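Computed over heavy atoms, backbone and side chain alike; hydrogens, waters and symmetry mates excluded. Remember, predicted model here, so these are calculated numbers, not experimental data.
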Amino acid sequence: MTRSALLVTHTGRRQSTQHAQTVARDLVAAGFEVRVIAQEVADLELPPGVTPVDDPTAAEGVEIVFALGGDGTLLRAAELARPAKAPLLGINLGKVGFLAEAELNNIDQTVREIVAGDYKVDERLTLDVRAEYDGRLIADSWALNEVSVEKGQRAQMLELLVDVDGRPLSRYGCDGVVCATPTGSTAYAFSAGGPVVWPEVEALLLVPISAHALFSKPIVTAPTSTFVITVDPYTSFAVLCCDGRRTWDLPPGAQVTVRRGELPVRLVRLNPRPFTDTLVAKFALPVDGWRGNRR
């Protein structure tokens with residue numbers, strides 16, 4: 001049976017396309033059918049044996065999806081991998097690359113481990129989101145990192161009412177709110193002042209953005225919780241955004257419902273390490289004092 005892989009890369013960076021060529025050659029040499037998004041083929045100059053495929057079913061039936069780039073590239077690849085239930089491997093060619101499992105300096109070893117089947121797969125909690133106004137569906141989407149509802153006009157504060165599990169929690173005058181997964185706790189929610197949550201924890205996060213309120217602390221709820229965010233009918237319009245990639249305008253009076261996603265994203269783990277080590281490495285945390293490492 002032929003093994004297959006989908007290759008997704010950041011075609012706007014020459015370095016990324018060069019590494020994509022290397023990965024594709026190695027996989028083809030190992031007997032893989034390599035798929036590439038049809039719109040990206042012309043930019044990649046890939047070797048013979050690569051199959052152009054169209055969205056959104058590009059990942060159907062593949063053994064693995066490679067995402068070469070930063071976290072943005074991985075989030076784009078996740079849109080293809082999630083409905084196909086395909087494992088997703090991020091190779092960091094960007095700056096932080098918090099979601100990536102492998103780094104630029106070990107690409108060859110990474111491909112060898114995939115070919116050998118020497119990897120595990122973790123399931124990451126996702127969010128499902130629906131937005132409605134006056135009985136009309138505005139958006140029906142999902143997110144791996146976060147769903148945000150933000151003000152649409154820079155000069156005006158946004159008024160939002162937040163319900164948790166069918167009960168009103170608070171009304172915020174704010175720039176917006178972020179609903180995040182543990183995976184997304186180190187992304188937008190972190191920048192807005194939210195807590196870092198270990199990926200293995202099953203929970204949902206809600207983080208107000210610049211709220212003009214006495215109670216504006218981030219909250220962590222059960223994974224079974226449901227958030228309903230109502231844009232006040234007398235405020236300005238808002239913007240709904242999923243993972244920083246998909247956006248919709250929300251008129252005053254619109255309601256956004258966020259809950260745990262029905263489908264997880266499956267992330268490949270090659271050499272699992274404690275999440276503490278990942279935090280230290282990605283954020284360059286100062287674990288050594290002026291006296292040096294005393295352990």
Side-chain angles (χ1 to χ4, degrees), residues 5-24 26-27 34-37 40 44 58-59 62-82 84 86-126 143-146 180-191 196-200 242-245 264-285:
L6 172 65
L7 202 59
V8 179
T9 191
H10 191 317
T11 56
R13 295 177 180 170
R14 181 166 180 80
Q15 181 192 44
S16 297
T17 60
Q18 290 174 338
H19 292 301
Q21 292 165 7
T22 300
V23 171
D26 290 347
L27 289 172
V34 178
R35 303 181 190 175
V36 175
I37 305 301
E40 300 177 0
L44 294 177
V62 302
E63 177 181 326
I64 191 168
V65 176
F66 285 81
L68 284 81
D71 284 343
T73 302
L74 190 141
L75 290 171
R76 180 163 61 92
E79 295 174 0
L80 303 173
R82 180 179 182 250
L88 173 59
L89 171 64
I91 299 178
N92 181 33
L93 304 182
K95 295 180 179 178
V96 179
F98 218 103
L99 296 173
E101 177 67 13
E103 299 292 334
L104 174 61
N105 58 6
N106 61 357
I107 286 183
D108 292 339
Q109 176 63 26
T110 296
V111 174
R112 287 195 292 269
E113 290 178 357
I114 295 301
V115 170
D118 188 15
Y119 62 90
K120 298 179 180 179
V121 178
D122 286 348
E123 291 192 347
R124 295 291 182 91
L125 183 151
T126 61
L144 172 59
N145 274 347
E146 75 278 316
T181 66
T183 299
S185 71
T186 50
Y188 193 177
F190 175 82
S191 298
V196 173
V197 180
W198 262 233
E200 296 84 0
C242 295
D243 281 340
R245 292 187 46 78
V265 167
R266 307 179 70 220
L267 292 183
V268 170
R269 301 294 305 278
L270 296 172
N271 299 297
R273 62 176 177 175
F275 186 63
T276 306
D277 291 354
T278 300
L279 284 179
V280 170
K282 297 296 184 179
F283 288 143
L285 299 181

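Ser185 and Val197 get closest at one heavy-atom pair: OG-N, 3.0 Å. Residue Pro182 comes nearest to Leu125 through the heavy atom pair CD-CD2, 4.4 Å, listed as atom of the first residue, atom of the second, then distance. The two residues Asn271 and Glu101 make their nearest non-hydrogen contact at N-OE2, 3.5 Å. Between Ala86 and Val65, the shortest heavy-atom distance links the atoms CB-CG2, 4.0 Å. In this structure, Leu93 and Ile107 approach most closely via the heavy-atom pair CD2-CD1, 4.2 Å.
No side-chain heavy atom of Ile91 sits under 4.5 Å from any side-chain heavy atom of Val111. Glu146 is not listed as a side-chain neighbour of Thr181, based on a closest heavy-atom distance of 4.5 Å or more. Within the 4.5 Å cutoff, the side chain of Phe66 has no heavy atoms near those of the Leu88 side chain. The side-chain heavy atoms of Pro264 and Arg124, taken from C-beta on, include no pair separated by under 4.5 Å. Side-chain contact between Ile37 and Leu80 is present, with at least one heavy-atom pair separated by less than 4.5 Å.
Paired with Leu270 under the rule side-chain contact (heavy atoms from CB on, under 4.5 Å), one option of Glu113, Gln109, Lys120 passes, and it is Glu113.
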**OP:** Go through the steps to decide whether Leu74 and Asn92 satisfy the test side chain to side chain contact (heavy atoms under 4.5 Å, CB included), and finish with yes or no.
**Re:** CA-CA 9 Å; Leu74 190 141; Asn92 181 33; over 6 Å; no
**OP:** Apply side chain to side chain contact (heavy atoms under 4.5 Å, CB included) to the pair Val268 and Ile64, showing each step before the final yes or no.
**Re:** CA-CA 9 Å; Val268 170; Ile64 191 168; 3.8 Å; yes
Original post:
Could you walk me through whether Thr73 and Leu68 pass the side chain to side chain contact (heavy atoms under 4.5 Å, CB included) check?
Top reply: CA-CA 7 Å; Thr73 302; Leu68 284 81; 5.7 Å; no
**OP:** Start with the C-alpha distance between Arg82 and Thr126, add both sets of side-chain angles, then the distance that settles side chain to side chain contact (heavy atoms under 4.5 Å, CB included), and finish with yes or no.
**Re:** CA-CA 10 Å; Arg82 180 179 182 250; Thr126 61; 3.5 Å; yes
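Atom-to-atom distance recorded for Thr22:OG1 and Asp108:CG is 7.0 Å, nearest 0.5 angstrom. Here the NE2-CG distance, from His19 to Leu7, works out to 12.5 Å after rounding to the nearest 0.5 Å. Between the OH atom of Tyr119 and the OG1 atom of Thr110 there is a distance of 13.0 Å, given to the nearest 0.5 Å. For the atom pair CG (Asp71) and CG (Leu99), the distance works out to 4.0 Å, reported to the nearest 0.5 Å. Note that CG of Leu89 and CZ of Arg269 are 11.5 Å apart. Values are rounded to the nearest 0.5 Å. Here the CD atom belonging to Glu63 is positioned 9.5 Å from the CG atom belonging to Leu27, to the nearest 0.5 angstrom.
The backbone N or O of Ala180 lies less than 3.5 Å from no partner atom in the side chain of Asn145, so there is not a single donor-acceptor pair. Between the side chain of Arg35 and the main chain of Ala58, a donor-acceptor pair closer than 3.5 Å is present. A donor-acceptor pair is defined here as one N or O able to donate and one able to accept, closer than 3.5 Å; such a pair exists between the side chain of Arg76 and the backbone of Thr9. Between the Asp122 side chain and the Leu267 main chain, no donor and acceptor come within less than 3.5 Å of each other.
Using cut-offs of 30° and 60° for the angle between ring planes, the Phe190 and Phe283 rings count as parallel.
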